[in-house]
2 protein chains.
Amino acid sequence: MAQAQTLSRNQQIVLDIIEKAKGPLKAYSILFNVQKKGINAPQQIYRALDKLIEMGKIHKIESKNAFVACRSSDCEISKATAFSICESCEMVDEISDTKLSKYLSGFNHKKGMKFKRFNLEFFGICKKCKKD
Amino acid sequence: MAQAQTLSRNQQIVLDIIEKAKGPLKAYSILFNVQKKGINAPQQIYRALDKLIEMGKIHKIESKNAFVACRSSDCEISKATAFSICESCEMVDEISDTKLSKYLSGFNHKKGMKFKRFNLEFFGICKKCKKD
DNA sequence: TAACGTTTGTTATAATATAACATATTTGAG
DNA sequence: CTCAAATATGTTATATTATAACAAACGTTA
């Protein structure tokens with residue numbers, strides 16, 4: 001096991017908010033939520049987000065410019081991410097499917113480029129929204 | 001075959017620039033490049049981009065907020081996109097691999113959500129950059 | 001304890017994207 | 001044809017997302 005990651009104050013505050021959230025959070029919405037804790041500037045949020053991403057604690061949903069907590073414990077350093085995104089309610093689910101992950105990690109581009117990392121985003125309408 | 005898409009003036013101008021480019025273009029860089037043609041405002045660019053994306057003529061590279069021309073002729077309406085991105089030179093290549101596309105289009109989430117669309121971005125260092 | 005790396009705080013500004021409204025142009029049904 | 005609807009344009013303003021740059025504090029650890 002790698003050495004335990006100790007989070008700094010701001011990193012912990014930001015991570016807490018993201019973990020408590022039911023869906024992806026935007027940087028400025030995080031900011032508004034932590035102003036009572038003395039964090040006043042976007043930089044402070046973005047710096048914490050950057051570190052948390054590096055550590056694999058959170059992921060960025062690129063199509064939404066939003067951030068979610070990593071739920072897959074084995075996702076050490078987020079080189080292989082896949083998400084399921086509802087286009088109606090904006091819900092995001094991290095997909096941890098070994099087969100999928102292996103398939104994509106082993107995928108090789110015809111043109112010979114070796115991949116270090118991928119990000120996959122699926123879109124659709126979730127069960128809950130279909131009922132409504 | 002669906003009816004031929006006729007592009008409006010601005011759409012054509014924007015598409016031309018993107019097609020001529022060697023790599024992904026950002027919206028504001030497109031804007032600066034077309035000011036001589038009488039396009040002055042971001043809105044005009046973003047509106048054209050939106051339509052071109054709808055038509056499947058271009059794709060957005062979400063991780064870069066940039067736009068590339070669609071090279072795969074059979075990519076009617078861009079429900080299944082995959083890209084190879086060099087982290088060094090920023091080169092982007094559209095991947096058209098039938099197997100990959102079928103595999104992902106047929107992928108079903110355990111939680112029962114039916115996907116309509118996906119976007120996959122691979123990252124690495126391209127051959128050319130490896131040499132340098 | 002001094003030197004180094006990391007984190008913090010802060011102000012300012014850059015880069016990306018949309019709102020809202022007025023007008024013009026194209027298209028298609030009657 | 002011709003009017004109505006849909007689409008596209010032009011324009012000003014503003015919202016949203018993200019980074020630059022600099023100074024100070026904190027925490028290792030040699």
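Note on naming: letters A, B, ... go to the chains in the order of the sequence lines (proteins, then strands), and numbering restarts at 1 for each one.
- Listed pair Gln44(A) / dG9(C) meets the phosphate criterion, a side-chain N or O lying under 4.0 Å from OP1 or OP2.
- Distance CD1 (Ile45(B)) to P (dT9(D)): 11 Å, rounded to an integer number of Å.
- With hydrogens and angles disregarded, a donor-acceptor distance shorter than 3.5 Å links the side chain of Thr81(A) to the backbone of Phe118(A).
- The distance from atom CG of Leu31(A) to atom P of dT8(C) is 15 Å, rounded to the nearest whole Å.
- If you take CD1 of Ile39(A) and C1' of dG9(C), they are 11 Å apart, rounded to a whole angstrom.
- If you measure from atom CG of Leu52(B) to atom C1' of dT7(D), you get 14 Å, rounded to the nearest angstrom.
- Atom P of nucleotide dG9(C) and atom CD of Gln35(A) are separated by 13 Å, given to the nearest angstrom.
- Partner of Ile58(A) under the side-chain contact (heavy atoms from CB on, under 4.5 Å) criterion, chosen from Val68(A), Leu15(A), Val14(A), Leu25(A): Leu15(A).
- Protein atom CD of Glu62(A) is 13 Å distant from nucleotide atom C1' of dA18(D), rounded to whole Å.
- Between atom CG of residue Leu31(A) and atom OH of residue Tyr46(A) there is a gap of 9.0 Å, rounded to the nearest 0.5 Å.
- Distance NZ/Lys57(B) to NZ/Lys51(B): 14.5 Å, rounded to 0.5 Å.
- A distance of 4.5 Å separates CZ of Phe115(B) from CD1 of Ile95(A), quoted to the nearest 0.5 Å.
- A salt bridge links Arg117(B) to Glu87(A): at least one charged side-chain nitrogen sits closer than 4.0 Å to a carboxylate oxygen.
- Every residue two or more places apart in sequence or in another chain was checked for a side-chain hydrogen bond (donor to acceptor under 3.5 Å, both in side chains) with Ser105(B), and none qualifies.
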List, with names and distances, any nitrogen or oxygen atoms from the protein found under 3.5 Å away from nitrogen or oxygen atoms belonging to nucleotides 27-30 of chain D.
none

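- No side-chain donor-acceptor contact under 3.5 Å links Glu121(B) to the backbone of Ile61(B).
- Spacing between atom CG of Asn10(B) and atom C1' of dT9(D) amounts to 7 Å, rounded to whole angstrom units.
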message: So if I define the base as every atom that isn't primed, P, OP1 or OP2, how would nucleotides 11-22 of chain C read as a B/S/- string at a heavy-atom cutoff under 4.0 Å?
response: B----BBBBB--

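- In this structure, Ser8(B) does not reach the dT26(C) phosphate: none of its side-chain N or O atoms is under 4.0 Å from OP1 or OP2.
- For the pair Lys37(A) NZ and dG9(C) C1', the computed distance is 18 Å after rounding to whole Å.
- For the pair Lys26(A) (side chain) and Lys64(A) (backbone), a donor-acceptor distance under 3.5 Å is present.
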